[in-house]
Every structure is written in C-alpha cells, then in structure tokens.
Amino acid sequence: MSQVSQDQAQSASTETFLTALVFNAAVFGAEIVAFTILRRYFKQIYEPRTVHPHSKGRVKPFEAGILTWPIRLLNADSRDIQRVNGPDAYLFVRFLRMMIVVFVPIWVVSWIILLPVTAVNNSVAGKTGLDRFTFGNISPYNQPRYGAYVACVYLSTFWVYWNIRREMRHFLTVRQLHLIDPAHSRSSQANTILVTGIPSKYLSEKALAQLYSHLPGGVKKIWLNRDLGDLPSIYDRRLAACGKLESAETNLLRTALKIRKKNLKQGKRTDGVDDADQAERDVALAERLVPKDRRPTHRLPAGFLPFSLPFIGEKVDTIDWSRNEISECSALLRTARQTADRESNIPALEDKDDDGRIDRKDLPTQTYRPLNSAFVTFNQQLSAHLAYHALTHHEPYRMADRYLEVSPEDVIWGNLGLNPYEKRVRMAISYAATAALIIFWAIPVAFVGIISNIHGLCVRYSWLAWLCKIPAPIIGIIQGILPAVLLAVLNMLLPIVLRLFGRFQGIPTRTGLELSLMTRFFIFQVIHSFLIVTLSSGIIAALPALLKNPSSAASLLASYLPQASTFFLTYILLQGLSGAAGGFLGIVQLAIYYVKLFILGSTPRSIYDIKFGPRTVQWGTLFPVTTLLTVITLGYSIISPIINGLSVLTFFLFFLLYKYLFLYQYTQPPNLDTGGLFFPKAIQHVFVGLYVQQICLCALFFLAEDASGKHSAVAEGALMVVLILLTAGYQIIINNSFGPLISALPLSLADKTHKPDEASPSDAQPSTSADPAYSKQSKAAELAKDDQEEEEARDFSDNYFQKHPDGDVDYGFAHPALSRPQRVVWIPTDLDAWASASTGERHGARRGLGGAEVEANLALGILATNEGAMMDEKGNVEILAAPVDVDKF
C-alpha cells in the first residue's frame with residue numbers, strides 16, 4: 001500500500017486553498033466580464049426596474065461606462081435603496097457595510113501582529129503552507145506568544161461592541177422615521193393590529209370597538225375573521241377560470257391569425273366566410289373567423305380526480321366553460337358576501353347568561369361564524385402601538401397574541417382561527433421537530449466535513465489508500481470545491497422544511513414566518529455549517545495521531561482544530577468570488593427568462609409577470625446565510641487570521657452586488673416590509689459569532705501545553721472567561737436599552753404620528769364606485785354597468801372597498817373571498833389590418849376579434865379588457881402597459 005506522510009497530508013491544505021483560489025478567481029473573472037458585456041444589451045434581465053411600464057415601479061437607468069460601472073455603483077447613495085425598496089432592503093445592505101467596517105481594522109491588525117507571531121521562528125511545530133499561520137503553529141517552546149492572541153481578541157471585541165451600538169442607533173432612527181413617514185403612517189397597515197385568541201364575549205364589532213375605545217382616538221373599523229367554509233375554494237376556482245379564459249382567448253386569436261394567413265395565400269375571404277347568406281346572419285365574429293373544431297378545448301377531471309388527464313374526461317369548449325365557471329362562482333360569491341354582511345351585525349355570544357345578557361339559544365344560526373381573531377383599525381397610529389403593548393384581557397392567553405404593522409397581503413388566513421392553547425401546543429411540537437431535525441441533519445453535514453479533509457482518511461485507512469493516489473489538483477477540487485457545493489445544496493433544501501414547521505406552529509403572517517425562519521435557519525447554519533464541520537474536519541485530521549496516542553487527545557485537538565479553517569477559507573472564496581459574480585451575471589435567470597417566455601409566455605398576463613413581475617428575496621434565508629459568514633469570520637479571525645482578508649473581499653463584493661440588485665432589479669412589496677425588524681436579529685447573530693470566537697479561544701488556551709506537557713496558557717484562558725462575561729453583559733445592556741424601542745413608537749413621537757385631524761383625502765369614507773378596476777381608467781366596468789343592473793354587476797360589498805384619489809384600491813382586511821372583485825380578463829388587441837372584417841359597426845368603436853371577445857365577456861357580466869396588450873402579425877403578444885387591475889407595486 002502506498003503511504004502518504006503526515007507532512008504531505010498537512011500540506012494538502014495549501015494545495016486545496018490554492019486550487020479553490022485559482023478556480024474561483026477564474027470563474028469570478030469570466031462572470032464579471034460576461035455581466036459587463038451583457039447588461040447593456042439585456043436591460044429586461046439586468047435592469048428591469050428601469051424599463052418598467054408603470055411609473056411607480058420605474059427608476060432611472062444605471063448609466064455607467066463599460067469599465068467604470070463598479071466605481072459608479074460604489075458611489076451610488078445607499079439611501080436610495082430605502083426609497084425604492086423600503087427599510088428591510090436598505091438595512092440589509094447597511095449590515096453588509098457594517099461588516100466591512102468591522103473587519104477591515106481586524107484584518108489589518110491581525111495580519112500585522114498575528115501572522116509573524118505564528119510563522120516566524122516556530123519551525124518546531126513542523127507545519128507548512130497555510131498551517132504555519134494558524135493558532136496550532138505556536139511551538140511548545142514559544143508559549144508566551146499567546147499573549148498576542150489575547151491582545152488582538154480584546155481589541156477586536158471592543159471594536160465590534162462600538163459598531164453594534166452605533167448601528168443599533170442608526171437602525172432605530174431609520175425605523176422610527178419610516179413609521180412616522182406620512183405615506184406610511186396614514187396607511188391601514190400602520191394603524192391596524194391583529195388580535196388572536198379573542199373570547200366569544202368580544203366576537204362582535206361593537207364589543208371590540210367598546211373594548212378599545214379607551215385608547216386615544218378610538219376605533220375606526222373592526223374586521224372580524226370568519227370561518228368561510230368553501231368560499232376560499234370558490235374564489236380560487238374563479239381566479240383559475242379567469243386565467244384559463246385568458247389563455248383560451250389568446251389561443252383563439254392566434255388560431256384566427258393562422259386561418260387568415262392561410263386564406264390570404266389561397267385567395268379566400270379573410271373573414272373566413274365563403275357563403276353570402278352566412279355572412280348576413282348575425283353570427284359572432286369568433287364563430288365566423290374560427291371553425292368550431294378549431295376552438296380551444298380541454299377535458300374535465302374524470303370521477304374523483306381533482307385534475308384532468310389526457311384522453312379521459314368530458315371534452316368541453318374552454319372559452320364557454322370558463323365563462324360559465326366565472327359566472328357561477330361570481331354568483332355564489334355574491335350570495336355568500338350578502339350573507340356575511342347580514343351576519344356581521346349579529347351580537348357576540350356572552351360567556352354568561354345571567355344579568356340580562358344574550359342567551360346563546362336566542363341568537364340566529366350563523367353560516368359564517370366568527371373565528372377568534374380580528375383586525376382592529378384605529379383612528380390614530382399611536383393607538384395601534386399602545387394596543388399592541390397593552391394587556392388586553394384578564395385571563396391567561398386570551399387576546400395575548402397581537403401583531404403590529406400587518407397588511408392584508410401579509411396574512412396567512414388559515415392560521416387565524418387557532419385556539420390559544422392549541423397554538424402553544426403547536427409551538428412546542430414545532431420546535432421539538434426543529435430540534436430533532438438538527439440532530440439528524442448532522443449525518444449528511446458530517447459527511448461533508450469528512451470530505452473536506454480527505455487526506456487524513458487515506459493516510460490512516462488502507463481501504464481508502466486509493467484516494468492518496470489521485471493527482472493533487474483533483475484532490476484540491478474534491479476538498480476545496482465539492483464540500484462547499486454539497487453544503488450549499490443541503491442549505492437549499494432545509495428552509496422548505498423549516499417554513500412548514502413555522503406554518504404548522506400557527507404564525508399568522510408571512511413576515512412573521514420569515515422572522516421565525518431566520519432564527520431557525522441560523523441555528524442550523526451555526527451548528528451544521530460551522531460547528532459540526534469544524535469538529536469533524538479537525539477530528540479527522542487528528543485521527544491518525546489520536547489512534548497512536550489516545551492520551552494526547554486534548555493537545556492534538558488544540559493543534560488540529562485550527563486546521564479546519566481550510567474548509568472555511570475555500571467556503572468564503574466560493575461565496576465571495578463565484579457567488580458574488582454569479583449574482584451579477586445571473587446566468588440561470590437569463591436562461592430561464594427566455595425559456596419561460598417560450599413555454600409559459602402565452603397570454604398578456606403571463607408575459608407581463610415574466611417581464612415585469614416583482615423579483616423579491618426571502619429574508620428568512622438571505623440574512624442567516626450572510627450572518628453565517630460573520631460567525632465564521634469572527635470564529636476564525638484570531639485562530640486563523642488569513643480568513644480576515646478574504647472576508648473583507650467577500651463582504652465588499654456582496655455590498656456591491658446587493659446594492660445593485662436592490663436599486664435596479666429587486667422589488668420588495670411595501671406591504672410586506674417589516675420596517676427593518678430583521679436587522680436587530682442579525683445583530684444578535686453577531687453576538688453569537690463573538691461567543692464562538694471567545695469560547696473556542698478559551699478552550700484552546702486551556703488545552704495548550706508546553707514542551708514539558710504542562711498547561712501553559714491558563715492565565716490567557718482565564719482572561720477569555722472574563723471576556724465572555726463582558727460580552728454577555730454587553731449583550732444584555734444592548735437588548736435592555738434598544739429592545740423596547742424596536743417594535744413600537746414612544747410617546748415622545750406622538751406629535752409626529754398620524755391623527756384624524758391630519759387626514760388626507762385618502763382617508764375619506766369608502767367609495768361606492770362600481771368596480772375597483774375603474775381606478776385604472778378601464779372601460780370594462782362602465783360597459784358592464786351599461787349592459788346590466790348595477791346590483792347585478794357588483795360582486796363585492798362597499799363595506800370592504802375604498803378607492804383613493806391616486807387610483808389605488810384598498811379592500812381593507814376582509815378575506816379576499818369576501819372582498820376582492822373578479823380579476824379583469826386581459827385579452828390582447830389584434831391587428832387593425834384584418835379588423836375590418838369584424839362587425840365593428842354593430843359593436844361601436846371596438847374592432848377586431850380581441851375587441852369582439854371583450855364585448856362578449858362583458859355581455860355575460862365578466863369583466864374584460866384589451867387595453868395595454870397587442871398581438872402582432874406573427875402571433876406574438878406585446879405588452880404596452882400594466883394590467884388594468886394591477887394597482888400596487
């Protein structure tokens with residue numbers, strides 16, 4: 001068997017690092033060059049916000065030279081991110097900037113002091129390559145050099161303290177200015193709280209309004225949540241039918257266009273009519289242009305199956321079926337909404353039947369009974385914040401869970417009816433499942449750690465000796481690149497499971513789900529992506545010597561654990577070089593964009609969504625991935641100072657990347673913005689990095705031995721204990737001083753918050769407009785109103801509808817199944833060149849098959865329009881404006 005010496009195994013870390021450096025640098029260079037060239041020609045991909053059809057979603061183009069764009073991006077004002085994407089995006093970029101500010105001095109000081117301390121005149125340790133610059137290279141004869149480590153860790157820790165305090169003060173300023181900004185403070189989101197666990201006594205609008213009337217300004221409106229039964233599924237059916245109708249109508253236009261081209265070649269009439277008698281009949285234009293056997297069709301689900309299968313089930317005309325489905329669902333929803341409106345006036349059930357209170361048997365049966373939760377909108381913003389912190393009920397868990405800054409789009413409607421005791425049980429189960437997943441997840445992650453130190457295995461085990469025969473560059477790829485890729489794949493699968501745990505727990509908002517995911521995912525990241533990888537890699541490296549001399553376990557681990565830094569050096573390289581450059585280039589996004597357009601881009605709405613749909617990030621995963629880099633860097637900043645320079649480069653590239661993405665690509669919906677609540681959680685993660693750093697150094701100091709085998713760094717270890725206590729005390733101070741100010745506004749800002757006397761026209765009473773789509777100057781609602789009686793045309797209640805002067809529509813906090821109107825069916829306009837064959841005279845100003853189909857839908861009470869989309873002579877749909885029912889960006 002061919003044996004590899006221990007020196008060769010140790011020096012493999014240098015080969016691994018150099019391989020990863022060369023590979024990632026090459027990828028970085030290629031991707032940046034490609035991005036520099038492509039971004040000027042593919043604005044739709046790389047700067048979609050600069051070409052957005054709606055002025056609200058559009059920003060100024062990124063004007064920079066082919067070589068000067070990094071400098072232009074660096075000089076761009078980061079505060080513009082808050083203007084276009086809100087505080088969450090701005091504070092994330094601010095966190096990246098904070099990490100640059102923190103690590104640059106640590107990088108300079110550690111390289112000036114610690115690299116010479118570990119590498120100069122320490123030949124007794126026998127380390128080579130990168131191993132010469134780690135904590136484990138301190139010779140047993142040079143133990144006083146540990147004092148340099150103590151000095152550096154104290155200096156770096158106090159520097160981190162100062163930056164934490166400064167950034168927390170900046171965070172509070174940003175958040176409070178956001179909360180009291182008139183554009184936000186007047187919104188329903190800023191003046192509403194969600195209350196869950198409400199007892200039956202208060203389950204009426206009158207009872208809740210009276211309960212909260214003690215707060216200044218009183219209550220503006222109560223939104224009781226109800227058990228709607230099958231109404232949400234009916235609403236979803238109508239939405240799906242609208243999408244199916246849009247697809248079928250667009251396909252009908254394409255078919256008519258193909259028939260027209262064929263007729264032109266054969267010299268036939270372009271309107272598809274050959275018989276004069278038939279032309280005089282009052283036949284719909286679609287029937288005249290497209291034969292019945294060429295119309296879009298589909299099959300209905302057969303039997304108990306919820307979906308259709310090829311060649312199975314009844315075959316129906318898609319357009320006729322979709323119109324009937326929409327009409328049927330609209331009628332059911334209209335009736336149900338009228339019932340819900342009547343039942344909203346039924347008084348609450350009392351807890352007791354004496355003293356003249358209402359008896360349960362005296363109350364009418366309710367079709368849609370109230371759940372134990374409600375949204376309470378106040379007349380003053382400060383009242384919402386006071387209600388959030390007030391102790392509402394005198395019994396345990398009743399009305400104890402309250403949520404501030406909630407928007408209707410943020411709500412997870414299925415979690416609004418949980419019993420407060422059931423919710424606590426679900427929470428316990430959820431976190432127990434998370435803990436179990438942490439334990440069992442260690443198996444695949446440990447395997448990744450073993451791969452990162454494969455030379456230690458081939459030296460010891462004969463059945464793995466073949467690994468030692470592999471050429472050094474390939475070993476470098478296996479150790480330096482493969483583990484990082486495998487770890488990234490594992491981390492992609494994990495959030496899916498953790499989100500399910502959070503939803504099962506009963507969290508009622510999507511932002512709350514992301515905040516919970518941020519904590520859970522970060523715990524996983526630290527335990528598996530850092531601690532287990534560190535331990536497994538260090539133990540594998542020390543395994544041969546451990547088996548020969550088990551009694552030397554403590555000193556061997558102290559020597560070999562720092563060698564695990566090789567994996568994290570390559571991980572930082574992968575994230576900073578390949579990761580950042582890949583974020584700029586977005587090659588997958590570029591490819592998927594055209595694949596989506598080719599496969600899915602069939603209707604105006606689908607093309608609009610592909611081209612201009614908002615690109616967002618998931619904070620629950622993005623922040624932990626970033627803060628993990630902070631923990632890794634802090635953990636190894638003293639033990640292996642080489643990592644500091646690489647981390648500065650990584651955070652700088654990420655700073656440029658996300659600055660670019662949030663200015664020109666991403667669109668974070670303002671109604672899903674938390675006002676920066678992810679930032680203080682990220683600061684807590686920085687403290688975790690400090691604890692990891694200090695505990696690891698403390699353990700290494702206590703394990704250190706001199707040439708005579710005696711513990712030689714006890715004093716240094718004691719100083720680390722003191723530093724750990726200082727860090728814990730400082731964290732308590734930070735949390736106690738800033739914590740109460742994070743969630744709610746103080747009274748000192750009451751004069752700057754929204755009050756009724758400051759109400760703008762947007763705070764007016766609900767509008768009685770026939771349809772919210774009319775706020776976009778759509779003619780569809782007007783035509784529908786002319787053709788039918790007004791009450792028949794309206795499929796929503798004025799109780800849930802408010803139209804602001806700027807055109808935005810507010811449906812309040814009613815469930816979409818109770819409040820939202822039918823989505824306007826969007827059909828493209830066909831060419832005027834063949835529109836002359838239509839019955840334009842009979843239908844007024846509208847011409848062409850697209851216009852005729854819009855009118856046919858309107859005649860059936862189905863809202864439709866062909867504004868903002870056109871089909872060219874090749875059958876391609878072009879988007880000229882946003883959909884008429886898109887009113888918020």
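Both backbone and side-chain heavy atoms feed into the values below; hydrogens, waters and symmetry mates do not. Since this is a predicted model, take the numbers as computed values, not measurements. The residues of the chain are indexed from 1 along the displayed sequence.
The environment of CZ in R79 is sparse: at most 12 heavy-atom neighbours from other residues, nucleotides or ligands sit within 6.0 Å. Within a 6.0 Å radius of CZ in R58, more than 12 heavy atoms belonging to other residues, nucleotides or ligands are found. Around atom CG of L493, more than 12 heavy atoms belonging to other residues, nucleotides or ligands sit under 6.0 Å away.
Among residue pairs with one or both ends in residues 641-658, those qualifying as side chain to side chain donor-acceptor pair (under 3.5 Å) are S110-N644, T633-S647; sequence neighbours excluded. A salt bridge (Lys or Arg N to Asp or Glu O under 4.0 Å) check over residues 508-519, counting only residues at least two apart or in different chains, returns the pairs R499-E514. Within the structure, salt bridge (Lys or Arg N to Asp or Glu O under 4.0 Å) contacts touching residues 165-176 (residues at least two apart or in different chains) are R94-E167.
Annotation: side chain of Q668 is in contact with side chain of F662 (closest heavy-atom distance under 4.5 Å). Looking only at side-chain heavy atoms (C-beta outward), Y664 and V84 stay at 4.5 Å or farther from each other. With contacts defined as side-chain heavy-atom distances shorter than 4.5 Å, the pair V686/L634 qualifies. Inter-residue side-chain proximity for F133 and S640 is flagged as unmet; no heavy-atom pair is nearer than 4.5 Å. The shortest side-chain heavy-atom distance between F651 and T626 falls under the 4.5 Å cut-off. In this structure, the side chains of Y571 and L628 come closer than 4.5 Å at one or more pairs of heavy atoms. You'll find the side chain of Y730 stays beyond 4.5 Å of the side chain of T157, heavy atoms only. Using a 4.5 Å heavy-atom threshold, the side chains of Q684 and N735 count as touching.
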Let me have the donor-acceptor pairs involving side chains of residues 522-530, under 3.5 Å, with sequence neighbours excluded, atom names and distances please.
from, atom 1, to, atom 2, distance (Å)
Q525, OE1, S529, OG, 3.4
H528, NE2, I438, O, 2.6

Solution key, residues 573-596 side-chain donor-acceptor pairs under 3.5 Å, sequence neighbours excluded:
from, atom 1, to, atom 2, distance (Å)
S578, OG, N24, OD1, 2.6
Q589, NE2, I45, O, 3.3

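A donor atom on one side chain and an acceptor atom on the other are not found under 3.5 Å apart for D410 and Q189. Between the side chains of T627 and H685, at least one donor N or O sits under 3.5 Å from an acceptor N or O. A donor and an acceptor atom, one from each side chain of W69 and T36, are located under 3.5 Å apart. Under 3.5 Å, the side chains of S637 and Q693 contain a donor-acceptor pair of N or O atoms.
In this structure, L517 CG and T511 OG1 are separated by 12.5 Å, a value rounded to the nearest 0.5 Å. Here the OH atom belonging to Y46 is positioned 11.0 Å from the CZ atom belonging to R39, to the nearest 0.5 angstrom. Atom OG1 of T570 and atom CG of L646 lie 10.0 Å apart (nearest 0.5 Å). Interatomic distance, CZ of F687 versus CD1 of I734, reported as 5.5 Å (0.5 Å rounding). If you take CD on Q381 and CG on L404, they are separated by 8.5 Å, rounding to the nearest 0.5 Å. Note that CD1 of I32 is 11.5 Å distant from CD1 of I37, once rounded to the nearest 0.5 Å.
The minimum heavy-atom distance between G620 and F678, with the atom names listed, is N-CE2, 4.5 Å. For the pair G512 and T509, the tightest heavy-atom approach, listed with the atom from each and the gap, is N-OG1, 3.0 Å. Nearest heavy atom pair, residue L672 against residue S407, reads CD2-OG, 4.4 Å. Here the closest heavy-atom approach between residue W826 and residue E867 is recorded as NE1-O, 2.7 Å. Closest approach of I742 to P680, counting heavy atoms only: CD1-CB, 3.7 Å. Heavy atoms only, all atoms of each residue included: R97 and F655 are closest at CB-CE1, 3.9 Å.
For Y161 and F158, the ring centers sit closer than 6.0 Å to each other. For F35 and Y660, the distance between ring centers is under 6.0 angstrom.
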F652 vs L74, side-chain contact (heavy atoms from CB on, under 4.5 Å): CA-CA, chis, key distance, verdict: CA-CA 10 Å; F652 177 74; L74 180 62; 3.9 Å; yes
Evaluation steps, side-chain contact (heavy atoms from CB on, under 4.5 Å), between D80 and L663: CA-CA 7 Å; D80 288 342; L663 284 175; 3.8 Å; yes
Step-by-step side-chain contact (heavy atoms from CB on, under 4.5 Å) determination, K611 to Q44: CA-CA 7 Å; K611 287 187 173 182; Q44 193 67 62; 3.8 Å; yes
Evaluation steps, side-chain contact (heavy atoms from CB on, under 4.5 Å), between V101 and W159: CA-CA 10 Å; V101 173; W159 172 241; 3.9 Å; yes
Candidate pair K874 and D872, rule salt bridge (charged side-chain N to carboxylate O under 4.0 Å, His left out), full reasoning: CA-CA 5 Å; K874 296 181 180 180; D872 63 19; over 6 Å; no
Side chain to side chain donor-acceptor pair (under 3.5 Å) between H184 and E405, intermediate numbers included: CA-CA 10 Å; H184 176 77; E405 291 281 324; 2.8 Å; yes
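Of the possible polar contacts, none joining the T68 side chain to the I71 backbone as a donor-acceptor pair under 3.5 Å is found. A donor-acceptor pair is defined here as one N or O able to donate and one able to accept, closer than 3.5 Å; such a pair exists between the side chain of N85 and the backbone of Y666. Of the possible polar contacts, none joining the D88 side chain to the D673 backbone as a donor-acceptor pair under 3.5 Å is found. No donor-acceptor pair closer than 3.5 Å links the side chain of T50 to the backbone N or O of P61. The backbone N or O of L745 lies less than 3.5 Å from no partner atom in the side chain of Q176, so there is not a single donor-acceptor pair. The backbone N or O of A76 sits less than 3.5 Å from a side-chain atom of K659, completing a donor-acceptor pair. Side-chain N or O atoms of S516 include none that pairs as donor or acceptor with a backbone N or O of L513 at under 3.5 Å. Remark: the backbone N or O of S602 is paired with a side-chain donor or acceptor of S606 at under 3.5 angstrom.
By the 30° and 60° cut-offs, the orientation of the rings of W619 relative to F92 is tilted. Using bins of under 30°, 30° to 60° and over 60° for the plane-to-plane angle, the ring pair F612/Y608 lands in the tilted bin.
Every residue two or more places apart in sequence or in another chain that forms a salt bridge (Lys or Arg N to Asp or Glu O under 4.0 Å) with E246 is listed here: R605, R823.
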